[in-house]
Each structure stands twice: as C-alpha cells, then as structure tokens.
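Data block below; observations after.
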Amino acid sequence: MTLFSGYDAQIMAVRKAIKNLKKNLGIKVIGWSDIDRTVRAIHNVVFPEYANNCYPDVREIPWGSLESPDILFYSSPCQSVSRAGQRKGMKKGTETESQLIWTVEHAIATLRPKYCILENVEGMLDADFSEDFISWCRTLSEYGYANSFKVLSSADFGVPQNRKRIFLVSIRIDKDDKYPFFQWPKPYKLTVKPEDLLEDFVDDEYYLSCEEQDTFIDVVKNAKEGYSSSVTRKKKYPTKLLNSQFYKRISAFVSPLCKNETIPTLMVGLQSANLTSITGCRRDKCPCVIEVWEGPQNLKKQKLQNAKLSQQVVKAMRVCPDRERILATANSLKTNEYLRVRYITPTEALRFMGVDEQYIKRIIDPFYSLSKEGLSEDEVKKLMTIDNRYTPISNYAIYGRAGNSIVVDVLAAITEQILNRIDKASRGEQQKVA
C-alpha cells in the first residue's frame, strides 16, 4: 500500500526490484492515496489497473476494513521541513502539511504491516525538526518496530541527479525474527551521464527567446553577488530561432553540474525557473541544456507576436559555476553555428527520476500511448475524470510531480533487500508486496 502516492514511484520501484531479482514474486496493491485531483489523474493513466483502489484523503481511510500489506510506503508532504520551504515543522497536532505524517500512525496501529518505508527530504533531520523525527521513530518503536534510517543519493544508484533523501525503514519485530534490522543496499558507480537522458528532438517552446538568451549569457559572463543583468528590453515582442531553420544539432550538454557530474536536485517549479537559477547563480540551481546547432549563415530571428517579453528580475547571488565551459562554447562558434539554451523537458525530468519509458509515455501522451495498449478514448477520458471533472495533464503538473517524487532506482534498491527477506520467509508463495 502507498500513501501520499504521487504517480507512485513506489509501485514502479517494487516492479523494478522484482525484475532485477528475477524471482517469481507477485504484487497486489491494496490501495493508494493522494488528495490532489491532478495527481490522481496522472496515477490513473500510469496504473489504469489500480484506478479503483484509490482512497483520496489519507485522514478518511477506513483502515479496519483493509487487508494488511507486507509493505506500507508513506512519502508524507515535505513542504514544512524542506530547506526550500517555510520550515514550519511536523510536530503532531499542528496545522502544517508535514504533520500529516502522524495520520500514518493509525494505519500502522491497525494494519500492522511487516515493513514500513518513509521517504522525505534531508531537512527532516535538521536541528529544528530532529526532535519531531525522533518522536516519530519512538512512536514506531512503541508499536513494536525496529527502525533504521539513512540519507541516500540517487547518484549512488544509477541516476545522474544529485538528489539526497532520507529513508526510514521500520521492520515489525516478531517472535521468530532473529535479525529484525535492515541491511542497506550498497551504492555503485554511476555510469550514466546527464546527456544520456536528453531527448533527440525538443519542441521550440522549451528554448529561451533570443532576448532571454542574451540575458543568460550576460549573467554567465558578468555575475557576482548582487549583479543584475543590464540587457535592455526595448522590443515589443520576443524573438526566437526555431528548429525548422537549422540543419542539425551538433552538440549538447547539461549545465550546471554538481561536483559528482550530476544535475542539481530537480525542483517542483522547474518550468518557471528564474534565468538566474538556470545559470547556477542562485542557491536553488536548476539544470538547463546548452546546445550548438548548424544552419545557414545570418539566420533571421522569428518574431513571436503571441508572446510577451520576459519581465524577470535577473539578479545573481554568485558567479556561474559553469562559466568557463558555457563561454568557451559560445566563443568558439563558427559562422554557420548557433548557440541555443533550453529548459529540460517533462520527459527528461521524468527520466532523471528513474521513471521507465513505458510510464513516461503514458504520462506525456496518455491517449496515444494507452490506445496502443488497447484502451479506447472514452476509457482514457474516464481515467482522467476525477470527482466528475475531466482533468488534463499539463507540463506544469508533470514537472511538479517529478520534483515531488522519489527516484525509482533508489527505492528499488531498498525494496530488493526487503523482497529478499520476504522471499526467504515464504518461498514459493505469491506475496502481496505493496
């Protein structure tokens, strides 16, 4: 069972773990929960087979009428303990989003799952909130669970994103348990580069306008603490160089990168990231893609008469960490080569979260992908009709879900350890594992 499910990286992780282990383990999803209407629509197109297993409000789930799961996943809201949030805490009885973790207590007390897995932001361990986290662990101990927690990075489990999250694994202590403590999976060397996850063709909408790109280069070139871009905006409409004007893309790289050659942690507001963020000149760095394209000389910029000039206040907090590489690329262009800067796409954001291509296709284009799998247009519309309202899936919603989710590969590695325990305890039986 999964709570605060999102698009359910938890189920994805269980399936990946079973595949990696090559063992004959079944999966039965007892239920999932998310109160957000758009999130439920995304979940339904990702996992149509579980559309009727939803309990939207975790505070209203009839725990006593549910079957006890082997594993209970709960990735409770992080806003109130995140270092990028309002930092209101997760103390029991308060009105913060993060205190919803305490609604899981009733589930654990009633269902008594063998394994409980929490994922959340590192900020939960900060001095301001560590007492609340310890209180939660003590509560689990009182219900007879052995707890083990660790901060894991997706970069250590095959995904080139520098995303560090805390995982708490709680194992119910039974009489026949000789060792009820969790053995954490071992990290392994990262072999995938950020560029390996980029799309071959990207729509023009993701590229900066020429005016935004001029500002971008200005900030990269001159940024220091307090620097504001001096690029003027006297035109009425923005302009762009479009894909149709070029012959081919020559090169592409992701910027900025962390010291371990991974992208910074994906944030919820990726689509609307400030230009200063994608230069890396703010604390909340946001990855972008720097490309070089080949085309005719003296390309004419196309006027976007249905768009407005960007009015962002572009102010730096520090020097661009990738300054030399970006400027070297810009300064080495030949007469028929052009620099282009773009945001990462929703598909790329999901890839950086370890989501398999099958699920990505369902999220990005549910009607096309699910029709290929045998569903009619009406059936897909029904999946996306939540509380009697048709709920389309926007790019904004996809970026938000990616920024709020769990990297599948990290959770799969944890789940593999648990599935091995389950398999040893009950060989040859079909298991309900979520």
Side-chain angles (χ1 to χ4, degrees), residues 1-20 25-58 61 66-67 69-75 107 113 117 119 346-347 349-351 353-387 389-394 397-412 414-416 418-419 430-434:
M1 185 167 192
T2 70
L3 305 178
F4 315 103
S5 304
Y7 54 64
D8 234 320
Q10 298 90 324
I11 296 177
M12 296 178 189
V14 172
R15 290 183 173 181
K16 178 166 281 191
I18 291 174
K19 183 178 180 180
N20 291 343
L25 294 173
I27 174 172
K28 177 180 178 181
V29 176
I30 293 169
W32 59 277
S33 177
D34 207 294
I35 200 168
D36 187 286
R37 197 174 75 248
T38 303
V39 175
R40 284 149 59 194
I42 296 175
H43 193 290
N44 282 354
V45 298
V46 174
F47 297 111
E49 64 270 40
Y50 303 134
N52 296 324
N53 291 49
C54 180
Y55 299 88
D57 193 336
V58 70
I61 297 178
L66 298 182
E67 184 181 356
D70 285 336
I71 306 176
L72 175 67
F73 295 96
Y74 59 109
S75 183
I117 302 178
E119 178 271 350
T347 291
L350 292 169
R351 287 176 179 173
M353 294 303 295
V355 179
D356 286 346
E357 291 297 313
Q358 177 190 21
Y359 301 130
I360 293 176
K361 290 176 181 177
R362 292 179 182 178
I363 295 172
I364 299 297
D365 194 348
F367 286 99
Y368 178 79
S369 59
L370 291 175
S371 70
K372 292 292 185 181
E373 299 179 37
L375 274 69
S376 68
E377 182 177 340
D378 287 342
E379 287 173 323
V380 178
K381 281 186 177 179
K382 185 177 180 181
L383 290 171
M384 298 171 65
T385 300
I386 309 298
D387 298 334
R389 292 176 60 183
Y390 174 66
T391 309
I393 300 170
S394 66
I398 297 171
Y399 283 126
R401 291 317 95 210
N404 263 337
S405 193
I406 309 168
V407 175
V408 174
D409 301 69
V410 181
L411 193 53
I414 293 172
T415 307
E416 282 184 36
I418 291 175
L419 293 183
Q430 291 294 310
Q431 299 288 332
K432 54 181 185 301
V433 295

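The structure displayed is predicted, hence computed values, not measured ones.
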side-chain contact (heavy atoms from CB on, under 4.5 Å), that's the test. Do F367 and M384 meet it? Break it down for me.
CA-CA 10 Å; F367 286 99; M384 298 171 65; 4.1 Å; yes

Please enumerate all residues that pass salt bridge (charged side-chain N to carboxylate O under 4.0 Å, His left out) together with D409, with sequence neighbours excluded.
K16

Which residues share a salt bridge (charged side-chain N to carboxylate O under 4.0 Å, His left out) with E379, sequence neighbours left out
none

Taking side-chain contact (heavy atoms from CB on, under 4.5 Å) as the test, write out the residues that go with [X], two or more places apart.
{"X": "D57", "result": "I35, R59, E60"}
{"X": "S5", "result": "T2, D8, W32, H43"}
{"X": "P113", "result": "P69, L72, L111, C116, Y145"}
{"X": "S371", "result": "none"}

With sequence neighbours left out, write down each residue that passes side chain to side chain donor-acceptor pair (under 3.5 Å) with [X], or none if nothing qualifies.
{"X": "Y50", "value": "R15"}
{"X": "R362", "value": "E373"}
{"X": "T38", "value": "none"}
{"X": "D365", "value": "none"}

Within the structure provided, determine whether [X] and [Y] are in side-chain contact (heavy-atom separation under 4.5 Å).
{"X": "R351", "Y": "T347", "answer": "yes"}
{"X": "F4", "Y": "S33", "answer": "no"}
{"X": "I406", "Y": "M353", "answer": "no"}

Give a yes or no answer on whether the side chain of D34 reaches the backbone of G6 with a donor-acceptor pair at less than 3.5 Å.
yes

Tell me, with the steps shown, if L383 and L375 meet side-chain contact (heavy atoms from CB on, under 4.5 Å).
CA-CA 10 Å; L383 290 171; L375 274 69; 3.7 Å; yes

Applying ring-ring contact (aromatic ring centres under 6.0 Å, His included), name anything that partners Y359, two or more places apart in sequence or on another chain.
F47

Sequence-distant partners of Y74, ring-ring contact (aromatic ring centres under 6.0 Å, His included), two or more places apart
W136

Intermediate values then yes/no, side-chain contact (heavy atoms from CB on, under 4.5 Å), Y7 and S405
CA-CA 8 Å; Y7 54 64; S405 193; 3.3 Å; yes

Check this for me: does any side-chain nitrogen of one of K381 and E377 sit under 4.0 Å from a carboxylate oxygen of the other?
yes

